[in-house]
Amino acid sequence: PESVTSIGERAFSNCSSLEAVSLPVGLTEISGYLFEQCVSLKSITIPDGVGIIGYKAFYNCSSLTSLTVPDSVAQIDGYAFSYCSALKSVTLSDRVTTIYDGAFEHCTSLTTITLPKKVKTINGSAFAGCVSLTSISVHPDNQNFTSLNGMVFNKDITNLAIFPSGKTYSADILPDTVIKIGEYAFSNNNFLTSVVLPDRITSIEKYAFSYCEKLTSITLPAGLKQINNSAFRYCKSLKSITIPDKVTDIGSGSFSYCSSLTEINISDSVKTIGDSAFSYCTSLSSVIIPDGVKSIGSSVFTSCSSLSLVTIPDSVTKIGSYSFSGTPLLKNQTTDVKYVGSWAITCSNASSIVIKDGTKHIADNAFTSRSKLESVTIPDGMLTIGTNAFSYCSSLATISIPDTVYKIGADAFYSTALLKNQTDSVKYADKWIIKCDTSASSVTIKNDTRGIADKALYSCKLITEITIPDSVISIGSN
């Protein structure tokens, strides 16, 4: 009835036989998931007065062919019309200011769209996978975006915001002013097979080329400085990648699930490889990490099921949790402790382990949750013990740490008998402070203490006085 002003989320979700709906004129919002999966819905009139079209409101309404958004609508939430595969035309009101991620994603029949003059925010994935969309127009009075040759840019044409999923790429297609490939700009474009980016490009933003499943090669520009998170995630046909000389950080998940990737050339300029950067690259068999890399994040090479050879330089001082899990590199080792170069990465649930001579580092979470572990022999020459390295080793009651160790990560011995059996407010692992009771107001450190682990005193808010002896050679982060 016309008296209705609000309809709750999912009220008509999955009504698969619903073909038409008459909405009351007093309605102010199309709630999230309202008509989700109404696969027979062919037409809808959105009343003038609705201000927001909610999250996944018309998700997978695969029979919907046309849509007019009334002048009252200012916001279209994420995935509102995603997978409306029959939708051919959309008219957006001039009042729309915000179009969120995936709003019209995979509307495979959509051929034309004009961004209104008041749009201030549009997620680059809003039209991802719209394979029939070769050009996007922008109202000439829009103060934030402009359209050139069917592509969407910021107003000064330095950032490519959207490259339509149905458009063909060529090496000279981007204007000379562009220096950034924006978030999701090429995402889900399955016409891309080969890309050469101009050398003036300095940044590739997150998810910029994600899910470009037919992309086999890309030449990254010489001027590139940033590869942001998940930039090439799920580029399943990509075979090789060369990281240019100005890049210092490879973002988290940048090349994850690139299942055809067989060759990675990482430049000497790279300092950090982010979490999961190359996870699930199942064709990758070998990697050389160049001298200069300092940090390898968590799960970087997880489930690289062909990876059997990795070279790690001495410059690396951190390897995150599970970075090589699910690789032949570890599976093919028969010893209790598994190694990559001079790093101890993981171990079996044995009661006693001996870390071999020459090992310099223990990775984050390397021995965590080994409930049977009672004894560990750490060789002279060990330099670092990673975050959570022995956490939840509930039977571990004693340990000897060589004087060569200069860093112990946070919670390295969390929930071990080693700490639980100590009654003093300051808890030690050999000559290292690992933890302090939060109730402590003053701390006196033993005279032979060598170091303070990362976050050892982090939660001790009541401390007003602390005395650090001359024997201490290392104080950890935080």
Side-chain angles (χ1 to χ4, degrees), residues 128-129 169 181 184 186-197 204 206-221 224 227-245 247 249-268 270 272-290 293 295-313 316 319-334 338-341 343 345-346 363:
Y169 181 86
I181 306 297
Y184 296 93
F186 288 91
S187 182
N188 281 276
N189 189 319
N190 285 327
F191 292 97
L192 284 180
T193 57
S194 179
V195 171
V196 177
L197 291 174
I204 298 175
K206 66 179 185 179
Y207 293 96
F209 290 90
S210 60
Y211 296 91
C212 292
E213 294 186 355
K214 294 184 180 178
L215 182 66
T216 60
S217 68
I218 185 163
T219 302
L220 298 179
L224 188 66
I227 301 175
N228 284 291
N229 297 353
S230 298
F232 297 92
R233 179 181 172 87
Y234 268 108
C235 290
K236 297 197 298 185
S237 301
L238 189 63
K239 295 179 180 178
S240 66
I241 195 74
T242 297
I243 309 298
D245 288 340
V247 173
D249 302 303
I250 299 174
S252 298
S254 293
F255 298 92
S256 59
Y257 296 93
C258 292
S259 54
S260 297
L261 194 65
T262 59
E263 183 181 359
I264 303 171
N265 298 301
I266 303 173
S267 69
D268 293 341
V270 171
T272 302
I273 302 175
D275 296 348
S276 301
F278 299 99
S279 63
Y280 293 89
C281 292
T282 53
S283 298
L284 191 64
S285 61
S286 65
V287 176
I288 297 174
I289 307 294
V293 171
S295 175
I296 297 173
S298 299
S299 302
V300 168
F301 297 102
T302 287
S303 295
C304 291
S305 55
S306 300
L307 188 63
S308 58
L309 179 63
V310 175
T311 301
I312 297 178
V316 173
I319 293 181
S321 310
Y322 316 115
S323 273
F324 299 94
S325 64
T327 65
L329 184 64
L330 299 187
K331 288 180 179 179
N332 292 343
Q333 297 182 45
T334 58
K338 317 296 183 184
Y339 302 90
V340 178
W343 285 77
I345 302 297
T346 189

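One-based numbering along the sequence shown.
The closest donor-acceptor contact from the side chain of N228 to the backbone of I204 lies under 3.5 Å. A donor-acceptor pair is defined here as one N or O able to donate and one able to accept, closer than 3.5 Å; such a pair exists between the side chain of T216 and the backbone of T193. Looking at N189, its side chain does come within 3.5 Å of a backbone N or O of F191 through a donor-acceptor pair. Looking only at distances, no side-chain donor or acceptor of S260 sits under 3.5 Å from a matching main-chain atom of L238.
A search for side chain to side chain contact (heavy atoms under 4.5 Å, CB included) contacts involving K331 returns nothing, not counting sequence neighbours. A search for side chain to side chain donor-acceptor pair (under 3.5 Å) contacts involving N229 returns nothing, not counting sequence neighbours. Here Y280 pairs with Y257 under the ring-ring contact (aromatic ring centres under 6.0 Å, His included) rule; sequence neighbours left out. With sequence neighbours excluded, the residues satisfying ring-ring contact (aromatic ring centres under 6.0 Å, His included) with Y207 are Y184. Scanning for side chain to side chain contact (heavy atoms under 4.5 Å, CB included) contacts around P221 gives L197, D199, I201, L224, with sequence neighbours left out.
Counting heavy-atom neighbours within 6.0 Å of K338 NZ, excluding the residue itself, gives a total above 12. Within 6.0 Å of CG on L309 lie more than 12 heavy atoms contributed by other residues, nucleotides or ligands.
In this structure the side chain of T346 never reaches within 4.5 angstrom of the side chain of F324, judged on heavy atoms.
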Table please: side-chain donor-acceptor pairs of residues 295-308 below 3.5 Å, with sequence neighbours left out.
unit_1	atom_1	unit_2	atom_2	d
S298	OG	S321	N	3.3
T302	OG1	Y322	O	2.5
T302	OG1	S325	OG	3.3
S306	OG	T282	O	2.7

Check the pair V340, I319 against side chain to side chain contact (heavy atoms under 4.5 Å, CB included), reporting the backbone distance first and the verdict last. CA-CA 10 Å; V340 178; I319 293 181; 5.7 Å; no
Criterion side chain to side chain contact (heavy atoms under 4.5 Å, CB included) on R233 and S256, from CA distance to verdict: CA-CA 5 Å; R233 179 181 172 87; S256 59; 3.2 Å; yes
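No hydrogens or angles considered: a donor-acceptor pair under 3.5 Å links the side chains of N265 and T242.
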